[in-house]
Amino acid sequence: MGRAVTTIALRRGDQQALVGVHGARLRGYGVGARAVLDGCPADGPCTAARGDLLLPWPNRISGARYRFDGHEHRLPVNEKATGAAIHGFTRDLDWEVAEQGADRVRLRLDLTPRPGYPFALACEVEYALDDAGLRVRTAATNTGSGPAPYATGAHPYLTVGTALVDEAELHVPADRYYPTDEHGTPAAPRPVEGTPLDLRTPTLLGPRRIDNAYSGLHRDPDGRVRVRLRAPEGVAVTLWLAAGYDYVQVFTGDTVPEPERRRRGVAVEPMTAAPNAFNTGDGLLVLAPGEEHAVEWGVT
């Protein structure tokens, strides 16, 4: 085991995926000549959190501080405009290749205690291609001596080949959304009914701007939630969330750093907790020493 490579190409039939060892991020996924994810340039950096794996929290901790087990913890601010700590730590760290095959790879990382998060986690992620598409399994085990607050998520951008997402239909089977203030801090969830964020039936995105989390997700008989993006000619991409992912963030890409890439893909972000869960407790997990938590999502 070790970091012998920086990117890993996975293949199965006409499917291809590219995984970066730095951050354990999903840099790209496609079928044949068609890109399914609006990912990173082959030899360039990943901006706007494209394909990032988010541990030990997704989205934000407002004010970069929280209280846990009677103690206040202060985190480094990494979103200067809002004063928040976003998307955890592990996307900025080098992971180790624990197992690798032609169509799957498993990466691991020991997250050690650090300022603002004095807890220890053994983290793993597996990216695998099968006949149904791409599957991602994320797991974490508390290796410390006390309880640890925890959540996880991912940040893929879906594309169906349209020039802008305005031309695509989006279906998000969710009953509630989280309104946010100018700092991105969410308020209590509200019903989507009667708002532009009601996507419970396939809806042409048009010019609507979305950067909100959803909850109250509808699960299909197999227990999965399915979010679908569809092009006018019928090409569709489905992101599914298995049990444990009870929240999803949708971002139409209006503020990504590169103007030419804005609204080129829709970020559909599976999350085990709501934004700011370290402060609100909404979906927050507390792992006991030795306890493991594992979840799966995927794309077809």
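Here the structure is a predicted model, which means the values were calculated and not measured. Throughout, numbering of the chain's residues begins at 1 and tracks the sequence. Side chains included, hydrogens not; waters and symmetry mates left out as well; all remaining heavy atoms used.
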Undergrad: Could you tell me which non-hydrogen atom of P58 sits nearest to which non-hydrogen atom of H87, and how far apart they are?
TA: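 Answer, listing the atom of P58 first, then H87: C-ND1, 4.1 Å.
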Undergrad: For D38, is there an ion pair with R261 - N to carboxylate O distance below 4.0 angstrom?
TA: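 D38 and R261: salt-bridged.
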Undergrad: With no hydrogens and no angle check, just 3.5 Å: does a side-chain donor-acceptor pair link Y177 and D198?
TA: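 Note: Y177 and D198 side chains miss the donor-acceptor criterion.
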Undergrad: Please determine, by modelled atom types, if E258 and T47 share a side-chain donor-acceptor pair under 3.5 angstrom.
TA: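 Yes - a donor-acceptor pair under 3.5 Å links their side chains.
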Undergrad: Check this for me, if you would: do E99 and R106 make a salt bridge, where the nitrogen-to-carboxylate-oxygen distance has to be below 4.0 angstrom?
TA: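 Result for this pair is yes, salt bridge flagged.
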Undergrad: Would you sort out whether Y66 and N276 count as a side chain to side chain contact (heavy atoms under 4.5 Å, CB included), showing the intermediate values?
TA: CA-CA 9 Å; Y66 65 97; N276 202 30; over 6 Å; no
Undergrad: State whether the number of non-hydrogen atoms from other residues, nucleotides or ligands found under 6.0 Å of E193 atom CD is greater than 12.
TA: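 Atom CD in E193 is not crowded, with 12 or fewer foreign heavy atoms closer than 6.0 Å.
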Undergrad: Ignoring hydrogens and geometry beyond distance, is a side-chain donor-acceptor pair present between Q249 and N212 at under 3.5 Å?
TA: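 Short answer, no.
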Undergrad: Quick check: closest heavy atoms across T300 and A132, and the distance to 0.1 Å?
TA: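 Taking T300 first and A132 second, the nearest heavy atoms are CG2-O, 3.0 Å.
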Undergrad: Which one of Y247, F68, F89, Y150 satisfies the ring-ring contact (aromatic ring centres under 6.0 Å, His included) criterion with W57?
TA: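 Running ring-ring contact (aromatic ring centres under 6.0 Å, His included) over Y247, F68, F89, Y150 with W57 returns exactly one hit, F89.
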Undergrad: Start with the C-alpha distance between H155 and Y157, add both sets of side-chain angles, then the distance that settles ring pair (Phe, Tyr, Trp, His ring centres under 6.0 Å), and finish with yes or no.
TA: CA-CA 7 Å; H155 208 299; Y157 286 73; 5.3 Å; yes
Undergrad: Could you check N59, D282, T185 and say which one makes a side chain to side chain donor-acceptor pair (under 3.5 Å) with Y178?
TA: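 Checked N59, D282, T185 against Y178; only one passes side chain to side chain donor-acceptor pair (under 3.5 Å): D282.
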Undergrad: Side chain to side chain contact (heavy atoms under 4.5 Å, CB included) with V172: which of L197, V192, V225, V227?
TA: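 Only one option passes, and that is V227.
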Undergrad: Would you say the side-chain atoms of Q15 and Y29 include a donor-acceptor pair closer than 3.5 Å?
TA: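 There is such a pair (donor and acceptor under 3.5 Å, judged by atom type) between the side chains of Q15 and Y29.
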Undergrad: Begin from the C-alpha positions of W297 and L239 and carry the test side chain to side chain contact (heavy atoms under 4.5 Å, CB included) through to its verdict.
TA: CA-CA 7 Å; W297 64 274; L239 186 143; 3.8 Å; yes
Undergrad: Mind listing the closest non-hydrogen atom pair of P289 and N142 along with its distance?
TA: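 The pair with the smallest heavy-atom distance is N-ND2, 3.5 Å.
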Undergrad: So which of R219, R226, R224 actually passes side chain to side chain donor-acceptor pair (under 3.5 Å) with D222?
TA: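 One option only clears the test, and that one is R226.
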Undergrad: Is the shortest side-chain N to carboxylate O distance from R262 to E260 below 4.0 Å?
TA: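 No.
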Undergrad: Considering the options R12, R135, R11, which one meets the salt bridge (charged side-chain N to carboxylate O under 4.0 Å, His left out) requirement together with D103?
TA: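 Result for salt bridge (charged side-chain N to carboxylate O under 4.0 Å, His left out) with D103: R12.
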Undergrad: Assess, by modelled atom type and distance only, whether the side chains of D175 and H218 contain a donor and an acceptor separated by less than 3.5 Å.
TA: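 Yes, because at least one side-chain N or O of D175 sits under 3.5 Å from a partner of the opposite role on H218.
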